[in-house]
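Written below as structure tokens is the structure these notes are about.
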Amino acid sequence: VFPGATRQIGARNASRTAVVLDIDGVVTRGATAVPGAAEALRRLRQQQIPFVFMTNGGGVTEKKKAEELCSLLGVDGIDADRMLLSHTPFRPLAERFREKRVLLVGSKDTAEVAESYGFDVGNMAVTSSQIVKALPEIYPWPVTHCTLPPVDVNAADAPPIEAVLIFYWPSDWAMELQAVVDDMQVVSDVLAGGRPLGVGTTGTNGTGVQCAELWSSNPDFLWQAGYPVPRFGTGAFVECLQALWKPFGRSPLEVQECGKPYAVQFQAARKLLSQLAQHDDFERIYMIGDNPAADVRGANSAGDPWRSILVCTGVYQGGVGSNDKEDPAWRVEENLPDAVESILRMSG
Ligand code: G3P
Ligand code: MG
């Protein structure tokens, strides 16, 4: 257990240095911890440096992600109030869409995440599998059915889908690509009267105008998993959506995005740090990341007191002494332990 892990409630941490840690490619690579990661976190604890995690990953609740990280690192003391996932900023959308029907896109646990945010899952917040269960012809291929009931497509008052929320990497890209492109075109909704949905049929507006909001929580085109070469991320799924929308839409889909590098994510991380430290008077917030397009770009754009530290254990593999051309980091370190030691030296 981290020394001092059971922080007294309301204890103020006077440190004006704080650290935000990316996870994939910094703390972990796939299902294994980066060597020295747990010890690096212990060093931050021992020096009373407040730290939180900010990942473009997710797909589970913040609590579950924190538990997974503890078990992977073999430590305790990391809980949900230190965990910012790609979709954490979706939480307020449950209120925004309370009276509207939304489509949840993601993995098998996405329904549980949405429910924990307050969405009316299964009724006003539905999944593509529920629609396909009701109208199998919508997607004439085998699907991994979810446990939720089919959507009632015949109810005269069935509300149309007004927004698609991409929480996480879709379990079934083909089905979700079909369902989302459909939903971007449907005006009189597939769910009222069960009118057949499909491109160019009477079930669509045919004007090429995007008629549902599209929200996506992770712009990563690539990320560092356990394989040595970076893998496609949810940003690649959105690129595919744009490609499939092209023949039907007058202009590219308008996507409301969160996740790194967007300011909303860095503002949320700073809020978590402030709650943890019980103050917001930071002199330096170090963002330790592996992806220049996400971690470095976001910290550099956030400006003071943020400083980007790029490590070479993930997407960026240039090595110390080099830097990313497009998004140069304030500092480049070999790995997380080296980054933490240099922060401790700098913070005296
Ligand atoms: O899906 C996870 C991936 O997009 C990157 O995660 O922790 O490097 O921001 P992370
Ligand atoms: Mg990363």
Side-chain angles (χ1 to χ4, degrees), residues 19-34 37 40-41 51-62 64-66 68-70 72-73 78 82-90 105-110 113 166-171 173 176 216-240 255 257-266 268-269 272 286-302 308-318 324 327 329 332-336 339:
V19 175
V20 177
L21 298 150
D22 173 41
I23 296 179
D24 293 294
V26 174
V27 180
T28 63
R29 284 168 64 102
T32 55
V34 163
L41 301 183
F51 64 88
V52 296
F53 297 91
M54 172 159 65
T55 173
N56 273 355
V60 290
T61 61
E62 287 75 8
K64 195 162 176 190
K65 187 71 175 179
E68 287 174 358
L69 193 58
C70 280
L72 196 153
L73 292 175
I78 301 172
R82 285 181 190 269
M83 192 57 71
L84 189 66
L85 305 179
S86 67
H87 43 68
T88 304
F90 275 7
V105 174
S107 67
K108 66 177 175 51
D109 294 329
T110 295
V113 177
I166 303 172
F167 270 73
Y168 188 64
W169 174 275
S171 304
W173 274 41
E176 301 292 5
S216 181
S217 75
N218 171 1
D220 284 358
F221 184 73
L222 295 173
W223 67 292
Q224 183 61 53
Y227 189 68
V229 180
R231 306 290 74 195
F232 283 139
T234 308
F237 175 76
V238 176
E239 289 294 319
C240 293
V255 191
E257 293 203 88
C258 61
K260 299 172 290 182
Y262 296 107
V264 60
Q265 222 72 15
F266 285 76
L272 273 192
Y286 294 104
M287 171 79 226
I288 305 178
D290 70 299
N291 186 340
D295 308 308
V296 174
R297 188 175 302 171
N300 291 351
S301 309
S308 55
I309 298 181
L310 179 61
V311 294
C312 309
T313 47
V315 169
Y316 183 75
Q317 308 207 349
D324 186 72
D327 294 289
V332 179
E333 294 285 356
E334 193 53 49
N335 52 41
L336 175 61

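No hydrogens, no waters, no symmetry mates; every other heavy atom, side chains included, goes into these values. Order of listing sets the numbers, starting from 1, for every ligand and every atom in it.
Close approach of ligand 1 to I23 (heavy-atom distance below 4.0 Å) involves ligand atoms 7 (O). For ligand 1, the atoms closer than 4.0 angstrom to any heavy atom of W223 are 2 (C), 3 (C), 4 (O), 5 (C). For ligand 1, the atoms lying closer than 4.0 Å to a non-hydrogen atom of N218 are 1 (O), 4 (O).
The closest protein non-hydrogen atom to atom 5 (C) of ligand 1 is D220 OD2, 3.2 Å. In this structure, atom 7 (O) of ligand 1 lies nearest to the protein heavy atom T55 OG1, 2.6 Å. When only non-hydrogen protein atoms are considered, atom 6 (O) of ligand 1 lies nearest to D24 OD2, 3.0 Å. Shortest contact from atom 10 (P) of ligand 1 to any protein heavy atom: D22 OD1, 2.9 Å.
In this structure, E68 CD and T28 OG1 are separated by 10.5 Å, a value rounded to the nearest 0.5 Å. Annotation: the span from M54 atom CE to D295 atom CG amounts to 7.5 Å, rounded to 0.5 Å.
The Mg ion (ligand 2) has D22 OD2, D24 O, D290 OD1 as its protein N, O or S neighbours under 2.8 Å.
R82 and F51 get closest at one heavy-atom pair: NH1-O, 2.6 Å.
Residues D109 and K64 form a side-chain contact, since some pair of their non-hydrogen atoms from C-beta on lies under 4.5 Å apart.
At distances below 3.5 Å, not a single donor-acceptor pair connects side-chain atoms of E176 with backbone N or O atoms of S171.
Residue contact check for ligand 1: G57 places a non-hydrogen atom closer than 4.0 Å to it.
Of all the heavy atoms of T234, none lies under 4.0 Å from any atom of ligand 1, so neither backbone nor side chain is involved.
On a distance-only criterion, K260 and ligand 1 share at least one N/O pair closer than 3.5 Å. Between N56 and ligand 1, an N or O atom pair is found at a separation short of 3.5 Å.
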